[in-house]
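Some notes on the structure that comes next.
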Number of protein chains: 2
Amino acid sequence: MARAAGVSQATVSYVLNDNPNARVSEQTRERVREAAARLGYVPDASARTLRTGRSGLVLVPLAPARTGRLFQDFLDRFGDELGRHGFTLVQYGERHLKGVPAAKSWAALRPAAVLVDVTRLTKAAVDLLTSSGTRVVIGLADKPSPLVPVVVLDHEAVGACAARHLLGGGRSRLGAVVPREEGIDLMGEARLRGVRQVAPGAERIDLAFSEEEAARVAARADLPEGIFAYNDEYAMLLISALQDAGVRVPDDVAVVGADDLPIATLMRPRLTSVHFDPTATPGELAALLEEIVRGEREAGPGAVVDLYRPRIVVRDSA
Amino acid sequence: MARAAGVSQATVSYVLNDNPNARVSEQTRERVREAAARLGYVPDASARTLRTGRSGLVLVPLAPARTGRLFQDFLDRFGDELGRHGFTLVQYGERHLKGVPAAKSWAALRPAAVLVDVTRLTKAAVDLLTSSGTRVVIGLADKPSPLVPVVVLDHEAVGACAARHLLGGGRSRLGAVVPREEGIDLMGEARLRGVRQVAPGAERIDLAFSEEEAARVAARADLPEGIFAYNDEYAMLLISALQDAGVRVPDDVAVVGADDLPIATLMRPRLTSVHFDPTATPGELAALLEEIVRGEREAGPGAVVDLYRPRIVVRDSA
DNA sequence: ACCAAGCGGTTATACGTATAAACGGAGGCG
DNA sequence: CGCCTCCGTTTATACGTATAACCGCTTGGT
């Protein structure tokens, strides 16, 4: 490439990076650019990383449970924002690894930051990452962590939001569905805790996603007056079972879902649901991250960015 | 690292990579391993890439429309399979770029393979990639491409599958919903073409995802006897509107969805749906990819791997 | 007339890795 | 005793980039 342009390799680098404290004549610049275009030159990211010591990568090793539609939306926007700050968001496999082995596979890429489910982190893993040049490790969790700053998906707030609406509608005996499903059960627990913050006596309703299970719940004589069904899919399952059992919704039992899916308006009665708005956070998070990487800001364990902002959308089911 | 172990840097490399044609005594090996563990040594991926010329990365720059749940499942499995073959799957942002600019941003990572929506590729882009060391460019498309081998999501087969079932059920005047929604409209067109392969006179029903639109369709006097509703969500929208309009499903109009969502069984009538089985393909695709990268196999334009294997699941709506 | 300063470049080096080639020592064979 | 072979290890080099240091030339100031 340097040969093709008839200049030294250093000059090429100066021109292509628009290095401000390098002095290169305009005609040489043109020669270099022309040669670059002619050869289809593409800089080598690994060589650049090796030289500079920083990769500009922001790693997001996803746990399976996170790959919901809402989180995917968040990631898309987050990636755009990061690009604007000169970072590159990378979703990186390795879903099975945890702790130090996981940290090693991430550290190999020398990422600027890692955004990962806090349950996959250990003290040793975080130390390994930071000692290998990663400036920021951010956890995804439902509450602050003693290990790292976290982005919270505040499931308790979701539950509390639903419960407040149910109480406000005059229902006093509440229940909350906890899905019996690998990966989302923990979120279910957190949402239940949120419900109980507002309605201490709220009943826990364990439920797997099957019509038989739902029918069994619906057949109970002592149903709560208001149920937060974890999300819209479980709400639809439950309402369907209640109707089959002759229970009127919302007259006998009010039901609240979450996620505010488009199909939530198709149910009869139309589903009342907790809506999330993750559109604002990606920009804030990207900016925060850049400040930390630049060293302009310190973010330690305990720091928190709230990711979802729950808000009730009232329709007919509650 | 080499100093810490008291040996040369070359020896370290030999030991840590278990290089078979290097001769190192067992006690030296042990010293190196011990030092590596003590220092928390993590190899530098960029240096390795720079040296070897191959990164082992398989890039999947996603177009927004692809990020459905089914495709995510596919990617998860595909990533696992690739890991088994020594590759690393990376979902890489840059959703807005196309053609040569996109190819440049991908080529910077010197990936072994790129799996990308064929609509984002051009001849020049493919050339740029292959000339920069990428061995395989695989497109995602709904039909074979003159540019690259493709993984087809055979939407025509989906439509044909639904139409055959409807015809077999005695419905002769068919219709197919084409969603008016950015990103999935093209798939809708393809599925319509599939329906028409089996039922040439099938009517095209354009539909946005709103209850008003659906109600307008449902109010028509000359409804087809059988409708393929593009997917389950549109099917639920449509059925809901039909019922509100007093049209009986399936007696007056039969409706088939696609995706076989869990909630599809909650509708009354239970939804008949086209089911996809993407579980087998990731392994095959990963193996194929490895053979090509190794040079044991040639795969040119026109080659095709079928990703989804449509199959009708009969319930009550059709 | 001579030195300092500015300009437009080149040379040299380092990053961490993989691997070919060289090397010293021990042992076997003629 | 000299030579070849095998073993265990070190030396040297290259990958592509960024940047500090250097160098020759012109120009302006005194």
Side-chain angles (χ1 to χ4, degrees), chain A residues 1-33 35-36 39-57 86 88 104-112 128 131-134, chain B residues 1-33 35-36 39-57 86 88 104-112 128 131-134:
Chain A
M1 164 73 209
R3 276 200 316 276
V7 297
S8 80
Q9 175 271 320
T11 307
V12 172
S13 175
Y14 286 135
V15 172
L16 264 34
N17 294 344
D18 287 325
N19 190 318
N21 39 357
R23 301 158 307 188
V24 180
S25 72
E26 189 51 44
Q27 76 170 20
T28 313
R29 300 191 113 90
E30 200 41 53
R31 268 233 306 284
V32 172
R33 294 207 191 90
L39 300 188
Y41 169 81
V42 177
D44 186 310
S46 58
R48 175 171 283 162
T49 298
L50 180 59
R51 168 66 228 240
T52 61
R54 59 186 105 265
S55 65
L57 295 182
T88 302
K104 282 192 178 178
S105 83
W106 305 333
L109 295 187
R110 304 290 187 267
L128 181 69
S131 76
S132 74
T134 296
Chain B
M1 165 72 210
R3 277 199 316 276
V7 298
S8 79
Q9 174 271 321
T11 307
V12 171
S13 175
Y14 287 137
V15 172
L16 264 34
N17 294 341
D18 287 326
N19 189 319
N21 40 357
R23 301 157 308 190
V24 179
S25 73
E26 190 50 46
Q27 76 171 23
T28 313
R29 299 191 113 90
E30 200 43 52
R31 268 233 307 283
V32 172
R33 292 208 191 90
L39 299 189
Y41 168 81
V42 177
D44 185 308
S46 58
R48 175 172 284 161
T49 298
L50 180 59
R51 169 65 227 240
T52 60
R54 59 185 106 266
S55 65
L57 295 182
T88 303
K104 282 193 178 178
S105 84
W106 305 333
L109 293 187
R110 302 291 188 269
L128 181 70
S131 76
S132 75
T134 296

Solution key, residues 23-32 of chain A side-chain donor-acceptor pairs under 3.5 Å, sequence neighbours excluded:
| unit_1 | atom_1 | unit_2 | atom_2 | d |
| --- | --- | --- | --- | --- |
| A:Ser25 | OG | A:Thr28 | N | 3.4 |
| A:Ser25 | OG | A:Thr28 | OG1 | 2.7 |
| A:Arg29 | NH1 | A:Val24 | O | 2.9 |
| A:Arg31 | NE | A:Ala5 | O | 3.1 |

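Of the two residues contacting DNA chain D, namely B:Arg29 and B:Arg110, the nearest-nucleotide position lying further toward the 5' end is that of B:Arg29. Taking the nucleotide of DNA chain C with the nearest heavy atom to each of B:Ser13 and A:Gln27, the more 5' of the two is matched to A:Gln27.
For the pair B:Gln9 CD and D:dA12 C1', the computed distance is 11 Å after rounding to whole Å. Remark: C1' of C:dT19 and CZ of B:Arg48 are 13 Å apart, rounded to the nearest angstrom. Between A:Tyr14 atom OH and D:dA20 atom P the separation is 7 Å, expressed in whole Å.
Between B:Leu16 and B:Tyr41 there is a side-chain heavy-atom pair separated by less than 4.5 Å. A heavy-atom distance below 4.5 Å is not found between the side chains of A:Leu50 and A:Arg110.
Nucleic acid contact for B:Val12: none, since no nucleic acid atom lies under 4.0 Å from a heavy atom of the residue. Using a 4.0 Å heavy-atom distance criterion, A:Thr28 is classed as a sugar-phosphate-only contact. Among the heavy atoms of the strands, none lies under 4.0 Å from A:Asn21. At the heavy-atom level, A:Ser8 lies under 4.0 Å from base atoms of the strands shown. The residue A:Ser25 sits close only to the backbone: its heavy atoms come under 4.0 Å of sugar-phosphate atoms, none of a base.
Look at B:Tyr41 and you'll find a side-chain N or O under 4.0 angstrom from OP1 or OP2 of C:dT17. Residue B:Thr11 has a polar side-chain atom (N or O) positioned under 4.0 Å from OP1 or OP2 of D:dT10.
For the atom pair OG (B:Ser46) and CZ (A:Arg54), the distance works out to 13.0 Å, reported to the nearest 0.5 Å.
Of the candidate nucleotides C:dT10, D:dA12, C:dG16, D:dA12 has the atom lying nearest to any side-chain atom of B:Ala10.
Of the possible polar contacts, none joining the B:Ser55 side chain to the B:Thr49 backbone as a donor-acceptor pair under 3.5 Å is found.
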Might you list the N or O atoms of the protein lying below 3.5 Å from N or O atoms in nucleotides 23-25 of chain D, with each pair's distance?
none

